[in-house]
Amino acid sequence: ERKGRGPSPSVRVYDIAATGATPGFESAIREGAEVVVGPLLKNNVQEVASASDGSVTVLTLNRLGSETTPPAGFFQFALSPEDEAEAAADRILADGYYRGVALVPANSWGDRLLAAFANRLRGQGGQLLEYRRYDDQAQDHGATITALLHLDSSEARRQRLTRAFGSQLEFEPRRRQDVDFIFLLATPEQARLIRPQLRFHDAGDIPVYAAGRVYDGQPDATGNQDLNGIRFPTTRWQLEHTEKDAIPDLASLRGGALAPLFALGRDAWGILPWLGL
């Protein structure tokens, strides 16, 4: 029971993958729903917003686009990757770092999160000096990292000096010195490749921050050792349920991959009483 509100409500699940978002939403209303929780996908949230007339309260698990005005009684609660990028920017500034560079995958996810991160950082007084996009199918990111750290410029200086003096010089490439932090967007697999390569290219002392996708929820000290030192946002739920048998009846949670979605569902349930229900 919810304290002071009588018995807990009954819950009915509608599979909108089978019916579509709008038919599922309309079926819920016809069958007496007082509140609708979901849907999860952004395009389905848009459909429900178009179909909603305010007769029932809606708590979506994603957000409408900024160009859409939500109807009455329409609340939005999302597990947004962009929020994670903004949280990383906030933490970087709180840690006292203001100038940095970013390394992001060459895809739409990387572009979206980079934009959110850069806007938040700049809006709070930080500075994104430079960024590089990497091939997320590649194994070797040396060329991208050397360009980001200006090691290629250092090598070019060596070549100019060699031509000028007519002989080989003893030389050690020197990375740029104006970087307080590196913001990394990567899957766990790519991060395990990139982090050691950053160390190899003399950037092991620069703090690395990332979005939550960098950690897959697997409590594997050996497999995750290349991620050591990376700072990223995560949920309490994911950290509290990393043991294999913590929730033995939910196989999908044992691996940790869906833990953030379980946390989202639990928090959504906790929000309902605050919506006047």
Side-chain angles (χ1 to χ4, degrees), residues 63 66 78-136 138 141-157 172-216 224-236 238-239 260:
R63 291 182 184 150
S66 58
L79 187 66
S80 168
E82 286 85 351
D83 287 347
E84 292 186 355
E86 292 177 354
D90 290 343
R91 181 55 186 262
I92 286 168
L93 296 169
D95 287 346
Y97 303 123
Y98 293 91
R99 299 188 305 173
V101 296
L103 191 58
V104 305
N107 55 38
S108 60
W109 176 73
D111 293 343
R112 283 178 19 239
L113 269 65
L114 176 64
F117 173 80
N119 289 338
R120 184 64 162 235
L121 187 74
R122 291 166 181 155
Q124 302 292 331
Q127 186 178 5
L128 184 63
L129 301 171
E130 195 170 344
Y131 71 89
R132 283 289 187 275
R133 302 168 84 233
Y134 66 86
D135 180 357
D136 59 357
H141 301 291
T144 304
I145 291 171
T146 55
L148 184 66
L149 298 177
H150 292 182
L151 288 165
D152 54 351
S153 300
S154 185
E155 173 62 23
R157 287 194 297 273
E172 183 175 337
R174 186 170 182 264
R175 66 166 172 82
R176 63 192 302 168
Q177 299 298 305
D178 57 348
V179 175
D180 296 332
F181 68 86
I182 296 172
F183 179 57
L184 172 65
L185 289 178
T187 63
E189 294 76 19
Q190 279 297 338
R192 292 184 186 106
L193 293 171
I194 291 171
R195 180 65 165 151
Q197 291 178 45
L198 287 171
R199 294 191 185 99
F200 177 80
H201 290 289
D202 197 31
D205 60 325
I206 303 177
V208 177
Y209 294 80
R213 188 182 288 188
V214 77
Y215 177 56
D216 59 10
N224 289 329
Q225 62 182 345
D226 285 328
L227 305 182
N228 288 345
I230 297 178
R231 307 170 193 183
F232 60 92
T234 188
T235 62
R236 285 184 58 190
Q238 191 167 15
L239 295 178

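Treat the numbers as computed from the prediction; the structure is a model and nothing was measured. If you read the sequence from its start, that first residue is 1, and numbering goes on from there.
Shown here is Arg176, whose CZ atom has more than 12 heavy atoms of other residues, nucleotides or ligands within 6.0 Å.
Legend: residues meeting side-chain hydrogen bond (donor to acceptor under 3.5 Å, both in side chains) with Arg133, ordered by chain and number and at least two apart, are Asp111. Partners of Leu198 according to the side-chain contact (heavy atoms from CB on, under 4.5 Å) rule, which considers only residues two or more places apart in sequence or in another chain, are Ile145, Ile182, Ile194, Ala203, Val208. Applying the side-chain hydrogen bond (donor to acceptor under 3.5 Å, both in side chains) rule to Asp135 yields no partners; only residues at least two apart in sequence or on another chain are considered. Taking the side-chain hydrogen bond (donor to acceptor under 3.5 Å, both in side chains) definition, one finds that Asp83 meets it with Arg63, sequence neighbours left out. Partners of Ala191 under the side-chain contact (heavy atoms from CB on, under 4.5 Å) rule, at least two apart in sequence or in another chain, are Leu184, Ala186, Val214, Leu227. Judged as a side-chain hydrogen bond (donor to acceptor under 3.5 Å, both in side chains), and not counting sequence neighbours, the contacts of Asp205 are Arg175.
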* **Working for side-chain contact (heavy atoms from CB on, under 4.5 Å), residues Asp202 and Leu151** => CA-CA 10 Å; Asp202 197 31; Leu151 288 165; 5.6 Å; no
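Distance CG/Leu149 to CD/Glu130: 9.0 Å, rounded to 0.5 Å. A distance of 10.0 Å separates CZ of Arg132 from CG of Leu103, quoted to the nearest 0.5 Å. Note that CG of Asn224 and OH of Tyr215 are 6.5 Å apart. Values are rounded to the nearest 0.5 Å. Interatomic distance, CD of Gln197 versus OG1 of Thr144, reported as 9.0 Å (0.5 Å rounding). In this structure, the separation between CZ on Phe232 and CG on Leu185 is 14.0 Å, given to the nearest 0.5 Å.
Sorted by first then second residue, the salt bridge (Lys or Arg N to Asp or Glu O under 4.0 Å) pairs that include residues 179-199, not counting sequence neighbours, are Arg192-Asp216. Contacts classified as ring-ring contact (aromatic ring centres under 6.0 Å, His included) and involving residues 186-211 (residues at least two apart or in different chains) are not found. Applying the ring-ring contact (aromatic ring centres under 6.0 Å, His included) test to every pair with at least one member in residues 99-134, sequence neighbours left out, gives these pairs: Phe117-Phe183, Tyr134-His141.
With hydrogens and angles ignored, the 3.5 Å screen pairs a side-chain donor or acceptor of Gln190 with a backbone N or O of Asp136. Glu82 places no side-chain N or O within 3.5 Å of a backbone atom of Ala116 that could act as its donor or acceptor partner. With hydrogens and angles disregarded, a donor-acceptor distance shorter than 3.5 Å links the side chain of Asn228 to the backbone of Gln225.
Contact between Gly125 and Tyr98 at its shortest, heavy atoms only, is O-CD2, 4.1 Å. Across every non-hydrogen atom of Ala138 and Leu193, the tightest pair is O-CD1, 4.0 Å. Closest non-hydrogen pair, Ala210 versus Ala88, comes out as O-CB, 4.1 Å. The minimum heavy-atom distance between Asp178 and Leu129, with the atom names listed, is O-CD1, 3.3 Å. Taking all atoms of both residues into account, the shortest heavy-atom contact from Arg112 to Pro81 is NH2-CG, 4.1 Å.
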